[in-house]
Student: 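Just dropping this structure here.
Just so we're on the same page: letters track the sequence lines, and every chain starts at 1. Just the heavy atoms: all of them, side chains too, but no hydrogens, waters or symmetry mates, feed the values below.
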Amino acid sequence: MTRPGAIASIARRISRRLLMELLLSLREEMDSALREALEVLVPGLGEESISRAVFGPTKSPEHGDLATNAAMVFSKEHGRKPREMGEELAARLGEHRFVESAEVAGPGFVNVRLSRAAFVHVLHCIGELGENYGEGTLGQGESVLLEFVSANPTGPMHIGHCRHAAVGDALARLLRAAGHDVTTEFYINDAGTQMEALGESFRQRCFEAAGMPADAEGTQYTGEYLAEFARDFVAGKCVEELQGMAVEDFAQEARDRNLQMIKSDLEHMGVFFDSFVAERDLHESGEVAETLQKLRESGRVYEKDGALWLVTDGFGDDQDRVLVKSDGAPTYLVPDIAYHHDKFKRGFGRYINVFGADHGGYPPRLRAGISHLGHDVSRLTILLLRLVFLLREGKRVKFSKRAGNFVALADVVEEAGSDATRWFMLSRSVDSELEFDIDLAREATNRNPVYKVQYAHARICSVERKGRGAKLRAAEPSGQVLERLSAQVERDMVLALAQFPEIVERSARELAVHHLPAYLLHLADLWNSYWSLARTEPGMRILREDDRELTEARLLLASALRQVLANGLGMMGIAAPRKMLREEEDA
RNA sequence: GCGCCCGUAGCUCAGCUGGAUAGAGCAACGGACUUCUAAUCCGUAGGUCCCGCGUUCGAAUCGCGGCGGGCGCGCCA
């Protein structure tokens with residue numbers, strides 16, 4: 001059954017996709033211009049070599065808008081002088097319609113000043129692609145299974161999970177934007193000894209809540225949340241009923257309640273999963289047993305000291321690992337390999353796992369197991385996220401799970417809000433530890449980058465509203481319109497907007513989420529500077545009653561900027577508000 | 001001891017496959033509110049890019065060797 005709107009929606013998506021392939025980004029246009037020029041200048045240059053030469057933004061306006069190092073890269077291996085090659089390259093590039101002038105500078109850079117047509121092109125792309133501007137075709141529809149968070153259903157999530165949730169969700173959005181077909185998955189560790197311990201802990205809590213003799217302190221999980229679950233659970237139940245329950249029943253109940261709590265917490269961050277896979281199901285379906293059997297058949301296991309060992313040689317591990325202990329019980333490794341066996345059997349193009357860096361020793365043995373099952377382990381990428389520290393009043397809050405005084409994800413999100421929490425969790429490279437300054441995150445001032453960016457977006461919406469009130473609309477991009485956007489800031493803004501697609505592509509390629517917030521902050525700064533020019537120079541106001549043409553040109557630039565801010569925030573899972581109330585108006 | 005990550009401005013961190021005078025945010029200092037939302041802007045100051053050697057026309061970036069910090073190296077999960 002197809003809903004009426006669905007076809008139109010699909011048609012729209014297809015045409016956007018087509019448009020995207022026809023409408024190359026400025027960078028793509030310039031790169032292909034460079035390739036064409038190089039193919040003529042340096043015949044026989046392979047694809048491999050050509051890709052080493054690219055255009056990049058310049059640091060100073062004196063060097064034009066874009067620069068390439070191509071002449072320096074290739075002159076050496078072809079026994080030419082860099083500047084001489086640069087001259088030839090510049091001459092060729094100068095013929096391109098997006099190039100106003102190209103000249104050699106320094107040791108052999110070719111600096112390009114872009115033509116008005118190039119600027120028109122950028123604004124045209126943004127206008128045509130709208131909310132799809134920034135998306136790309138890098139992924140080519142390849143399917144990706146992205147696993148993240150996978151918090152144990154034994155208790156609440158802590159601040160570390162916050163980073164995992166934010167990063168995983170943003171990666172999903174980025175990969176989708178880059179043209180991948182992404183499925184997000186949460187793995188539920190609901191089997192083994194920790195479930196038994198959870199069951200016993202919960203049973204004691206229930207007995208306690210029902211006024212029966214109990215030993216809740218002696219159990220493994222002592223958090224208050226279990227006691228709350230217990231009070232809720234025992235309400236209306238008689239003593240006999242509780243006494244008649246097996247540990248497994250208590251474990252089941254606690255597991256369900258914990259999972260519900262985890263899902264609800266993630267919901268508050270706006271994080272939803274496409275799929276949940278339970279370890280228990282892997283046991284019940286025979287998947288775990290099958291995996292163990294297949295591992296035995298692979299010949300990459302052996303018996304020693306009464307235990308079954310997995311050969312990890314060649315996968316970066318420093319020793320082999322036990323699969324089945326001498327008491328006959330499998331280690332955690334077996335179901336985990338089984339889970340990945342299951343993943344691979346589902347046939348995705350690529351698998352990405354987001355793990356904590358404290359599991360750093362884990363990928364080698366996991367990869368070994370998967371590989372022994374005959375899967376192409378190069379399709380699996382494991383991302384290790386470093387620790388998060390909560391900073392309150394300028395000091396790191398000490399926390400440890402054992403002491404039970406950890407910082408709960410739910411509390412952080414409630415205190416700082418989902419938007420600010422996400423922003424900070426995404427703002428650092430995953431290889432760096434992250435200091436989360438909660439006082440800064442909850443501040444609604446200019447010190448807080450997320451508000452600065454959201455404010456810039458809201459401000460643009462505000463000026464657009466005002467413009468609409470006066471029947472002023474954004475102009476269609478054209479050479480004539482661009483002629484009116486001649487200020488250096490305006491030039492800088494268009495150039496910055498042109499970078500968005502490559503920022504997205506690079507982020508997706510590197511699985512690095514932190515470029516986006518840095519870029520968006522830069523855009524917001526540009527806009528705020530632009531906006532503020534009017535304070536000392538009334539002619540720089542966006543809305544000029546005395547110059548309709550200029551106003552509509554500036555509204556074009558403003559709306560393009562709003563679009564990119566909104567698209568970028570969207571990829572981070574952060575709202576792009578159309579309005580932000582000032583504190584005194586906040587009622 | 002071995003493996004991975006980090007070491008860049010007072011603090012927290014960016015610096016893409018090596019590229020032109022090293023950047024941002026916060027903090028500091030000096031300015032700007034009869035606003036198209038000052039939740040903002042302008043300006044100033046601030047760095048032996050941990051150290052050494054090497055590769056290169058060119059190194060914060062690559063290689064090697066140190067130093068300092070984090071994490072990981074269980075028949076725990």
Student: Need one value for A:Ser60: base, sugar-phosphate or nothing, where a base atom within 4.0 Å counts as base even if backbone is also close, heavy atoms only.
Tutor: base
Student: State which residues pass salt bridge (Lys or Arg N to Asp or Glu O under 4.0 Å) with A:Arg562; sequence neighbours excluded, sorted by chain then number.
Tutor: A:Glu464
Student: Report which part of the nucleic acid A:Ala456 touches: base, sugar-phosphate, or nothing (heavy-atom distance under 4.0 Å, all strands).
Tutor: nothing
Student: Does A:Ala329 reach a base, just sugar-phosphate, or nothing at all? Heavy atoms under 4.0 Å.
Tutor: nothing
Student: What does A:Ser462 touch in the nucleic acid at a heavy-atom separation under 4.0 angstrom: a base, only the sugar-phosphate, or nothing?
Tutor: base
Student: Have a look at A:Asp320 and say if it touches a base, only the backbone sugar-phosphate, or nothing, with a 4.0 Å heavy-atom cut-off.
Tutor: nothing
Student: Ignoring backbone atoms, test whether A:Ser529 places a side-chain nitrogen or oxygen under 4.0 Å from the OP1 or OP2 oxygen of B:C42.
Tutor: yes
Student: Side-chain donor-acceptor pair under 3.5 Å between A:Glu196 and A:Thr193, yes or no?
Tutor: no
Student: To the nearest Å, give me how far apart CZ (A:Arg541) and P (B:C41) are.
Tutor: 18 Å
Student: I'd like to check the ring pair (Phe, Tyr, Trp, His ring centres under 6.0 Å) partners of A:Phe148; sequence neighbours left out, ordered by chain and number.
Tutor: A:Phe273
Student: Base, sugar-phosphate, or nothing for A:Gln454, non-hydrogen atoms under 4.0 angstrom?
Tutor: nothing
Student: Show each protein N/O and nucleotides 68-74 of chain B N/O combination with a separation under 3.5 Å, one pair to a line.
Tutor:
residue: B:G70; atom: O2'; partner: A:Glu433; partner atom: OE2; Å: 3.1
residue: B:G70; atom: N2; partner: A:Arg386; partner atom: NH2; Å: 2.6
residue: B:C71; atom: O2'; partner: A:Ala357; partner atom: O; Å: 2.8
residue: B:G72; atom: O2'; partner: A:Gly361; partner atom: N; Å: 2.8
residue: B:C73; atom: O3'; partner: A:Arg321; partner atom: NH1; Å: 3.4
residue: B:C73; atom: O2'; partner: A:Asp318; partner atom: OD1; Å: 2.8
residue: B:C73; atom: O2'; partner: A:Asp318; partner atom: OD2; Å: 2.5
residue: B:G74; atom: OP2; partner: A:Gln319; partner atom: OE1; Å: 2.5
residue: B:G74; atom: O5'; partner: A:Arg321; partner atom: NH1; Å: 3.0

Student: Please state how far atom CG in A:Asn528 lies from atom P in B:C42, giving the value in whole angstrom units.
Tutor: 8 Å
Student: Choosing from B:U12, B:C16, B:U21, which nucleotide comes nearest the side chain of A:His63?
Tutor: B:U21
Student: Round to the nearest Å and state the distance from A:Leu543 atom CG to B:C36 atom C1'.
Tutor: 5 Å
Student: What side-chain donor-acceptor pairs closer than 3.5 Å can you find for residues 380-393 of chain A, not counting sequence neighbours?
Tutor:
residue: A:Arg392; atom: NH1; partner: A:Glu415; partner atom: OE2; Å: 2.9
residue: A:Arg392; atom: NH2; partner: A:Glu415; partner atom: OE1; Å: 3.2

Student: For A:Asn69, answer base if it contacts any base atom (sugar-phosphate contacts may also be present), sugar-phosphate if it contacts only those atoms, and nothing otherwise; contact means non-hydrogen atoms under 4.0 Å.
Tutor: base
Student: Who passes ring pair (Phe, Tyr, Trp, His ring centres under 6.0 Å) against A:Tyr519, sequence neighbours left out?
Tutor: A:Phe500
Student: May I ask you to decide whether A:Lys81 forms a salt bridge with A:Glu87, counting only side-chain N to carboxylate O separations under 4.0 Å?
Tutor: no
Student: Could you check whether A:Arg554 pairs with A:Glu490 (Lys NZ or Arg NE/NH1/NH2 to Asp/Glu carboxylate O, under 4.0 Å)?
Tutor: yes
Student: Could you tell me whether the side chain of A:Thr331 has a donor or acceptor atom within less than 3.5 Å of a complementary atom in the base of B:C75?
Tutor: no
Student: Surrounding CG of A:Asp313 (heavy atoms of other residues, nucleotides or ligands, distance under 6.0 Å), is the total greater than 12?
Tutor: no
Student: Extract from the structure each pairing of a protein N or O with an N or O of nucleotides 23-31 of chain B at less than 3.5 Å, listing the distance.
Tutor:
residue: B:C26; atom: OP1; partner: A:Asn446; partner atom: O; Å: 3.1
residue: B:C26; atom: O3'; partner: A:Arg447; partner atom: NE; Å: 3.1
residue: B:A27; atom: OP1; partner: A:Arg447; partner atom: NE; Å: 2.7

Student: Does this structure show an ion pair linking A:Asp31 with A:Arg35, if we count only N-O contacts that are shorter than 4.0 Å?
Tutor: no
Student: Name the nucleic acid region contacted by A:Ser326, choosing base, sugar-phosphate or nothing; use a 4.0 angstrom heavy-atom cut-off, strictly under.
Tutor: base
